[in-house]
Amino acid sequence: MDIEIPKSEAHGDLATTIAMNLARPLKKPPRKIAEELVSEIKKYESPFEKIDIAGAGFINFTFKKEYLYKGLNRLLKEGYEFLKQDIGKGRKIQIEFVSANPTGPLHIGHGRGAAYGNALSNILKAAGYNVQKEYYINDAGMQVRLLGQSVYVRYQQLLGNDIPFPEEGYKGSYIENISEEIIKEVSNKYLDVSFGECSEFFTDYAYKRMLADISKDLQDFGVTFDRWQSEKELYQKTEGGAEESIVQDAIDELRVMGYIYEKDGAIWFRSTDFGDDKDRVIVKKDGEYTYFASDIAYHKDKLDRGFDAIVNIWGADHHGYIPRIRAVLRAFSLPEEKFKVILIQMVTLLRHGSPVSMSKRAGEFITLREVVDEVGADTTKFIFLTRRSEASLDFDIDIAKEQSSENPVFYVQYAFARIASIFRQAEKTDHRAQGTEHRQDVEFSVLKENEETLLIKKLLQYPIIFEGAAYAFEPHRITYYLQELAKLFHSYYNKHRVISDEEALTNARLQLCRAVQIVLQEGLHMLGVSAPERM
RNA sequence: GCGCCUGUAGCUCAGUUGGAUAGAGCAACUGCCUUCUAAGCAGUGGGCCAGGGGUUCGAAUCCCUUCAGGCGCACCA
């Protein structure tokens, strides 16, 4: 039976369309079905004060006040436990996100993925899943070697050896910074040494340096990972585990199953057996593995680690990659519903109203760090999390800054801070510490104002909203809910005084405020946004 | 050419998996601070839900089609 929260207050607190949906199979008019259902429900004890039939056959339920007070009391007593729902039942879920190549700083698009992945992880954790957040490091192969080479050439140039810069090399100024750092460390040790002889040093130094920066940027953005998986490690022998390497073992396993063949001097995976448009090369003519080879191994490894579900959060520009990964998982017989890819659409960064071109190779881009420094981590995250991940978004850096005083994130945080301020005020009077503690003796029936009823109803909706967000993998539902809750609170605050001479009313209102604070804090926590006591 | 995503108020975006009169923020305009934070509140205006067909009691939502924008279609990631 599907139950929804009606848009309009006039339609009660909960509504169902079941009578309309049953009309056809039962061959009866919907209103008649509704009448029968309602008269049946009314025979029993229920938390509803009113059950109405409206429109074409909607059944609208309105809660009794006592039921609302009971709910409020539970929320206050159980706190965050009341807000969580055990959907996951401890199932292990792995969420891989960001996973940007360590060949340059993170940009705004990575930031969106980071904000989303982090929020989703928080939500699923609260929903009873055993969540592991992972970052996959592409520290092997062409791209990092190119990074190393770029740093190498800049190093030579800085020391006066004017050799040409690789055409496809990374041109950002961060390359030069790393080269300078290397000079400080090893002086001219590698001057006039060919890249072939010292590629490992430059490559390792450069990507490790980039990785350290990335990790720091993410940390300052408020995003952390449980595990960082190195691609390079997948090529190394493991003690007692792989015979050759995880990559080679995975390929061998596919070979045994008959999905590997050789053609034109290369080795292919027959992904077309599993719905891909074409077969994919895993070992190139020159004997090098492609990235796809390690991706096979990586996903195989995820399966071996025993997750109940695997979630990959990718930039939308990688969507063409899905069929081949799906093919791999099918080949290893992972049930379809255990693998999910979420595509985060592109972010267009706007400055002064026009798009900023972003090219890592050419070195023209604005980094995540710059944006976060300029507009703040909370604001940046909140902006990302007020959009569905499937919709591309324009991030106007000037607007994000200009609006800072009237930004939705501050609106929500302000509600939280205001309540904290009320509590501070309460402590100054004789209502000492009543805001922050739960009290059994509070009589909520004194909360008779319409704004109070609306607030309580809204608070009790949180678990429903949360469940929807967890089920649909949509953090933005919480973002919108928080804005609505904050709006109701601000409105209430403006119209009624919490602290007054009336002892019973003051106590009840302080407790109501505490409930609002609990929900705001929990919601903001899900989004990875701070809840300041003062603003 | 093929595939994926998007098109909703002047702007940025929601729209509870097909429900009731399509919403919010920003911008614009009008009011509200000697009392718990004015980063706030109350109010006004603003729409061919890109266009056209279809499915049904009912469509912004599902199907077909056209148009527009973004992103992919490597022995690069």
Side-chain angles (χ1 to χ4, degrees), chain A residues 2-8 10-11 15-17 20-21 23-24 29-30 54-58 60 100-101 103 138 141-143 146 168 263-268 277-278 280-286 288-292 295 315-323 343 345-346 348 383 386-396 399 402-411 413-415 417-426 428-429 461 464-465 468-469 471-472 474 476-477 479-481 483-484 486-487 489-500 506 509-510 513 534-535:
Chain A
D2 67 319
I3 293 185
E4 57 183 40
I5 301 168
K7 285 178 213 159
S8 162
H11 300 139
T16 179
T17 58
M20 282 126 86
N21 296 330
R24 179 164 290 265
F58 295 94
N60 297 329
N101 275 0
T103 53
N138 287 115
M142 266 306 285
Q143 297 307 319
L146 196 55
E168 293 292 301
K263 192 183 88 184
D264 304 330
I267 296 173
W268 301 67
D277 317 335
K278 53 175 103 167
R280 307 292 172 175
V281 170
I282 48 184
V283 181
K284 295 187 270 183
K285 230 187 305 200
D286 62 8
E288 290 265 321
Y289 289 102
T290 61
Y291 278 85
F292 183 50
D295 279 333
D317 52 339
H318 287 66
H319 81 261
Y321 216 71
I322 296 173
L343 294 175
Q345 286 296 327
M346 302 287 99
T348 308
I383 288 173
T386 41
R387 272 111 171 137
R388 284 145 59 234
S389 55
E390 314 91 82
S392 56
L393 81 86
D394 292 342
F395 192 101
D396 190 316
I399 288 178
E402 270 171 31
Q403 283 182 358
S404 65
S405 58
E406 295 184 40
N407 203 294
V409 68
F410 295 113
Y411 184 82
Q413 289 177 322
Y414 187 52
R418 258 188 164 169
I419 295 170
S421 173
I422 293 171
F423 292 162
R424 286 192 292 273
Q425 186 66 26
K428 283 187 208 154
T429 65
Q461 281 172 16
I464 300 171
I465 301 296
Y471 174 75
E474 289 181 353
H476 75 270
R477 295 192 192 198
T479 316
Y480 280 88
Y481 167 85
Q483 293 183 65
E484 289 163 15
K487 188 184 182 70
F489 175 75
H490 285 308
S491 178
Y492 172 60
Y493 176 91
N494 219 260
K495 201 163 169 187
H496 305 286
R497 280 193 65 81
V498 172
I499 300 167
S500 67
T506 301
R509 286 185 171 172
L510 282 170
C513 285
R534 289 172 204 271
M535 286 176 74

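In this structure, CG of A:D295 is placed 13 Å from C1' of B:C76, rounded to the nearest angstrom. Rounded to whole Å, the distance from CG on A:N494 to C1' on B:A38 is 8 Å. Distance A:K278 NZ to B:C73 P: 9 Å, rounded to the nearest Å. Distance A:M20 CE to B:A59 P: 11 Å, rounded to the nearest Å. The separation between A:L393 atom CG and B:G70 atom P is 16 Å, rounded to whole Å. Remark: C1' of B:G1 and CG of A:D277 are 14 Å apart, rounded to the nearest angstrom. Rounded to an integer number of Å, the gap from A:Y492 OH to B:C36 P is 16 Å. If you take NE2 of A:H496 and C1' of B:U35, they are 16 Å apart, rounded to a whole angstrom.
With a glycosidic angle no further than 90° from 0, B:U17 counts as syn. Regarding the sugar-base torsion, B:C33 falls in the syn class, its angle being within 90° of 0.
Note that the CD1 atom of A:I5 and the CD atom of A:Q461 stand 4.0 Å from one another [nearest 0.5 Å]. Rounding to the nearest 0.5 Å gives a distance of 7.5 Å between CZ of A:F58 and NE2 of A:H11. The CD atom of A:E474 sits 11.0 Å away from atom OG1 of A:T479, with the distance rounded to the nearest 0.5 Å.
Judged by distance alone, with hydrogens and angles left aside, the side-chain atoms of A:D264 form no donor-acceptor pair with the main-chain N or O of A:A266 at under 3.5 Å. No donor-acceptor distance shorter than 3.5 angstrom exists from the side chain of A:T348 to the backbone of A:D394, with no hydrogens or angles considered.
Applying the 4.0 Å criterion to OP1 and OP2 of B:C36, one finds that A:S500 has every side-chain N and O outside that range. The side chain of A:R418 places no N or O atom within less than 4.0 Å of a non-bridging phosphate oxygen (OP1 or OP2) of B:A39.
Annotation: side chain of A:C513 is in contact with side chain of A:F423 (closest heavy-atom distance under 4.5 Å).
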Short N/O separations, protein against nucleotides 22-30 of chain B, under 3.5 angstrom:
| residue | atom | partner | partner atom | Å |
| --- | --- | --- | --- | --- |
| B:G25 | OP1 | A:K487 | NZ | 2.9 |

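Positionally, the nearest nucleotide of RNA chain B for A:I465 lies more toward the 5' end than for the other of A:I465 and A:D286. Annotation: of the two residues near RNA chain B, A:R477 and A:V281, the 5′-most nearest-nucleotide partner is A:R477.
The listed nucleotides are B:G40, B:C71, B:G15; the one nearest the side chain of A:R388 is B:G15. Which of B:C36, B:C75, B:A14 sits closest to the side chain of A:R497 comes down to B:C36. The side chain of A:K285 sits closest to B:C75 out of B:A39, B:A20, B:C75. Closest to the side chain of A:T290, out of B:G70, B:C76, B:G40, is B:C76. Distances were taken from every side-chain heavy atom of A:Q425 (C-beta onward) to each of B:A39, B:C36, B:U17; the shortest belongs to B:C36. Residue A:F58 places its side chain closer to B:A20 than to any other of B:C75, B:A20, B:C36. The side chain of A:M142 approaches B:C76 more closely than any other nucleotide in the set B:C36, B:C76, B:C71. Taking the side chain of A:H476 as heavy atoms from C-beta on, and the options B:A14, B:G19, B:C4, the nearest nucleotide is B:A14. Of all nucleotides listed (B:C75, B:A14, B:G72), B:G72 comes nearest to the side chain of A:H319. Distances were taken from every side-chain heavy atom of A:Y471 (C-beta onward) to each of B:C75, B:C41, B:U17; the shortest belongs to B:U17.
Atom C1' of B:G15 sits at a distance of 14 Å from the matching atom of B:A20, rounded to the whole Å. When the P atom is compared between B:U30 and B:A14, the two are found 32 Å apart, to the nearest whole Å. Remark: the separation of the C1' atoms in B:A27 and B:U17 is 33 Å, to the nearest Å. With C1' as the reference atom, B:C75 and B:C71 are 23 Å apart, rounded to whole Å. For the P atoms, the distance from B:U44 to B:U8 is 26 Å, rounded to whole Å. Spacing between B:G10 and B:C5 at atom C1', rounded to whole Å, works out to 25 Å. If you take atom P in B:U65 and the same atom in B:C4, they sit 12 Å apart, rounded to whole Å. Nucleotides B:U16 and B:A22 are separated by 14 Å at their C1' atoms, to the nearest Å.
Under the side chain to side chain donor-acceptor pair (under 3.5 Å) criterion, A:Y480 pairs with no residue, sequence neighbours left out. For A:K487, the side chain to side chain donor-acceptor pair (under 3.5 Å) criterion is met by no residue, not counting sequence neighbours. Among residues two or more places apart in sequence or in another chain, the side chain to side chain donor-acceptor pair (under 3.5 Å) test is passed with A:H319 by none. Residues satisfying the ring-ring contact (aromatic ring centres under 6.0 Å, His included) criterion with A:F292, sequence neighbours excluded, are absent altogether. With sequence neighbours left out, A:Q483 forms a side chain to side chain donor-acceptor pair (under 3.5 Å) with no residue at all.
The base of B:G72 has none of its N or O atoms less than 3.5 Å from a complementary donor or acceptor on the side chain of A:H318.
Contacts of A:D394 with the nucleic acid, taken as non-hydrogen atoms under 4.0 Å apart, involve only primed sugar atoms and P, OP1 or OP2. Residue contacts shown for A:A417 include a base, since a base heavy atom lies under 4.0 Å away. Among the protein residues, A:T17 comes within range of the nucleic acid bases, having at least one heavy atom under 4.0 Å from a base atom. Across all strands shown, A:A15 has heavy atoms under 4.0 Å from base atoms, whether or not it also approaches the sugar-phosphate. Residue-level contact check: A:N21 touches the bases, meaning some heavy atom is under 4.0 Å from a base atom. When heavy atoms are screened at a 4.0 angstrom cut-off, A:A23 is found touching no nucleic acid atom at all. A:A420 comes within 4.0 angstrom of no nucleic acid atom, judged by non-hydrogen atoms across all strands.
Surrounding NZ of A:K284 are more than 12 heavy atoms belonging to other residues, nucleotides or ligands, all under 6.0 Å away.
Pairing for B:C41 goes to B:G31, judged as Watson-Crick or G-U wobble with the two contacts each under 3.5 Å. B:C67 is paired with B:G7 under the Watson-Crick or G-U wobble criterion, all donor-acceptor distances under 3.5 Å. Base pairing analysis places B:C2 opposite B:G72; the two distances defining the Watson-Crick or G-U wobble pair are each below 3.5 Å. Base pairing of B:C13: its partner is B:G23, meeting the Watson-Crick or G-U wobble criterion (both donor-acceptor distances under 3.5 Å).
A stacking contact links A:H11 to B:A20: the aromatic ring centre lies within less than 5.5 Å of the base's six-membered ring centre, and the planes differ by less than 30°. For B:G40, the base is not stacked against the aromatic ring of A:Y493, per a cut-off of 5.5 Å between centres and 30° between planes.
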